[in-house]
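The figures here come from the full heavy-atom set of this structure, side chains too, leaving out hydrogens, waters and symmetry mates. In this text, all values refer to a predicted model and were calculated from it rather than measured experimentally.
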Amino acid sequence: MTPKEVLALCREKDVKAVDFRFMDFPGLWQHTTIPVGKLTEDIFEDGLGFDGSSIRGWQAINESDMLIVPQADTAFIDPFCMLPTLVLICNIQDPITREDYSRDPRNVARKSVNYLRSTGIADKAFFGPEAEFFVFDDVRFDQNAHQGFYFLDSVEGEWNRGRDEGPNLGYKLRHKEGYFPVPPSDQMMDIRNEMMQTMIECGLDVECQHHEVATGGQCEIDLKFQEMVKMADQMLIYKYIVKNVAKKYGKTATFMPKPMFGDNGSGMHTHLSFWKDDTLMAGSGYAGLSETALYMIGGILRHAPALLAFTNPTTNSYKRLVPGYEAPVNLAYSQRNRSASCRIPMYSPSPKAKRIEFRCPDPSCNPYLAFAALTMAAIDGIQNKIDPGDPLDKDIYDLPPEEMAAVPKTPGSLEDALVALADDHDFLLKGDVFTQDVVDTWIAYKKKNESDAIRLRPHPYEFCMYYDI
């Protein structure tokens, strides 16, 4: 849409308020709202001022003024506000220079696409994330100087078999047996259907929805692939809809990668392909891949430890990346092996369907930064003709110990991933896509506010192990 068409839509839908939304540095949507009468065509050019120093990871207090610049082609009607409300996703600019703000994650994603085009390698990068999430009935948690705990509950949870639910009907999913059962075992069907339909009404192209492996309400809704920035925008709409539909049903949704011990965590397997007039992915190589696609895999695998600082950016992310829960802990590629971090899906014989699936990411990531970093690693693989080595097509559990030891593994913690990023980020700086300031700020923010925050606090299970020492 154009600004003029957005104003026409406001009149057609009797919109009363306009919500401007943008992404903070770590990865949460922020917003501010104006009456519809204040929305003019000029705002799409001039923007709206706000205090950037109050946004996590952004400006210092002495240089706090920033501009929100709404993008007309992102408009959709909010499905949850009582007052008819139009949503516009925004870019962030400096009010003096009018330059796009380097720490605006959406700007980083846009720059990565522009850099891809400037190299002549491809015109488009398509992304298709498969985000998983949990829907719980109750969540409580706290941590202070003298206590710390969390409590989760779900009507589906195996642990509720003996609970007096007045009456308990007994349809509880066993651990690791939640994949694809029909109702009444799958008690999330109506909720997921409403999430799916709401996404469609907001302009998202939904491919399917289903229950996932874990007990306790683990779900997945898949979107059709889109160009990178549009898909990152849609992932924010996706999360917004999932959380608010869950709330409507008196439940709570989380994209935390590993909320429950002893069952599968939530990943976000991410499909990636480059196109220039036509797909660059199909060829006569392994699994029907082109030489270009194999080099992309080489770049992703070489830079994977650093990439995970963006694609798996929480301390909790590394509680999912452990053996035994279908987690992709092996930095290798395969057309069938789901423990490999890069997989080549073989669902369709069409060359246009050929793509790479990077299985490490989880839905706690900032999609703009995660997709941009993946794109830059793939470009580096192509530019430097990085050989991905031999595929890992063997049963990983039958490998002899010496062969297994030779397969590189994902970092064991957020701290390890941040160290890898500090050592390996030159590929991100090409084309000024990720500036040195963005990389340094990300590392410092994550270390102080997340890695150190967990490292310095006693863990409840430490009392089970050590209190009687």
Quiz item: Does the cation-pi check pass for Arg21 over Tyr240, that is, NZ or CZ under 6.0 Å from the six-membered ring centre and within 45° of its axis?
Solution: yes
Quiz item: Hey, is CZ on Phe463 packed in by over 12 heavy atoms from elsewhere, all under 6.0 Å?
Solution: no
Quiz item: Taking the six-membered ring for Trp, are the ring centroids of Phe22 and Phe50 within less than 6.0 Å of each other?
Solution: yes
Quiz item: Checking side chain to side chain contact (heavy atoms under 4.5 Å, CB included) against Met195, which of Ile191, Thr198, Asn193 comes through?
Solution: Ile191
Exercise. Step through the shown structure and confirm whether more than 12 heavy atoms of other residues, nucleotides or ligands are within 6.0 Å of CG on Asn144.
Key: yes
Quiz item: Which pair of heavy atoms, one from Leu321 and one from Pro328, lies closest together, and at what distance?
Solution: CD2-CD, 4.0 Å
Exercise. Answer yes or no: are there more than 12 heavy-atom neighbours, outside Phe80 itself, under 6.0 Å from its atom CZ?
Key: yes
Quiz item: Is any NZ, NE, NH1 or NH2 atom of the basic residue among Glu165 and Lys172 found under 4.0 Å from an Asp or Glu carboxylate oxygen of the other?
Solution: yes
Quiz item: Just checking, any donor-acceptor pair under 3.5 angstrom between side chains of Asn168 and Arg163?
Solution: no
Quiz item: Is the number of heavy atoms from other residues, nucleotides or ligands within 6.0 Å of OH (Tyr466) greater than 12?
Solution: no
Exercise. Over all heavy atoms of both residues, which pair between Thr215 and Met260 is shortest? Give the atoms and the distance, please.
Key: O-CE, 3.2 Å
Exercise. Please check if atom NZ in Lys124 has more than 12 non-hydrogen atoms from other residues, nucleotides or ligands closer than 6.0 Å.
Key: no
Practice problem: Mark yes or no: Arg56 above the aromatic ring of Phe25, with NZ or CZ under 6.0 Å from the six-membered ring centre and no more than 45 degrees from the axis. | Solution: no
Quiz item: Is the number of heavy atoms from other residues, nucleotides or ligands within 6.0 Å of NZ (Lys230) greater than 12?
Solution: no
Practice problem: Look at atom CZ of Arg302 and say whether more than 12 heavy atoms of other residues, nucleotides or ligands are closer to it than 6.0 Å. | Solution: no
Quiz item: Do we see a donor-acceptor contact under 3.5 Å between the side chains of Asp19 and Thr85?
Solution: no
Exercise. Check whether more than 12 heavy atoms from other residues, nucleotides or ligands sit under 6.0 Å from atom CG of Asp437, and answer yes or no.
Key: yes
Practice problem: Classify the side-chain pair Asp233/Tyr368 by whether it contains a donor and acceptor separated by less than 3.5 Å. | Solution: yes
Exercise. Indicate yes or no: does Glu415 engage Arg455 in a salt bridge with an N to O separation below 4.0 Å.
Key: no
Quiz item: Cut-off 3.5 Å, side chains only: do Asn264 and Tyr179 have a donor facing an acceptor?
Solution: no
Quiz item: Between the main-chain N or O of Gly267 and the side-chain N or O of Glu132, is there a donor-acceptor pair closer than 3.5 Å?
Solution: yes
Quiz prompt | Side-chain touch Arg110/Met228, heavy atoms, less than 4.5 angstrom | solution = no
Quiz item: So, His211 and Gln187: side-chain donor and acceptor under 3.5 Å apart, yes or no?
Solution: no
Quiz item: Would you say the side chains of Asp104 and Asn91 form a donor-acceptor pair under 3.5 Å?
Solution: no
Practice problem: With Ser112 as reference, evaluate Leu369, Leu374, Val433 under the side chain to side chain contact (heavy atoms under 4.5 Å, CB included) test and give the passing residue. | Solution: Val433
Quiz prompt | Asp137 side chain to Val155 backbone, donor-acceptor under 3.5 Å | solution = yes
Quiz item: Quick one: are Thr435 and Lys111 in side-chain contact, heavy atoms under 4.5 Å?
Solution: yes
Quiz item: Among Trp442, Phe310, Phe427, which one satisfies ring pair (Phe, Tyr, Trp, His ring centres under 6.0 Å) with Phe434?
Solution: Phe310
Quiz item: So, Asp424 side chain and Ala420 main chain: donor-acceptor pair closer than 3.5 Å or not?
Solution: no
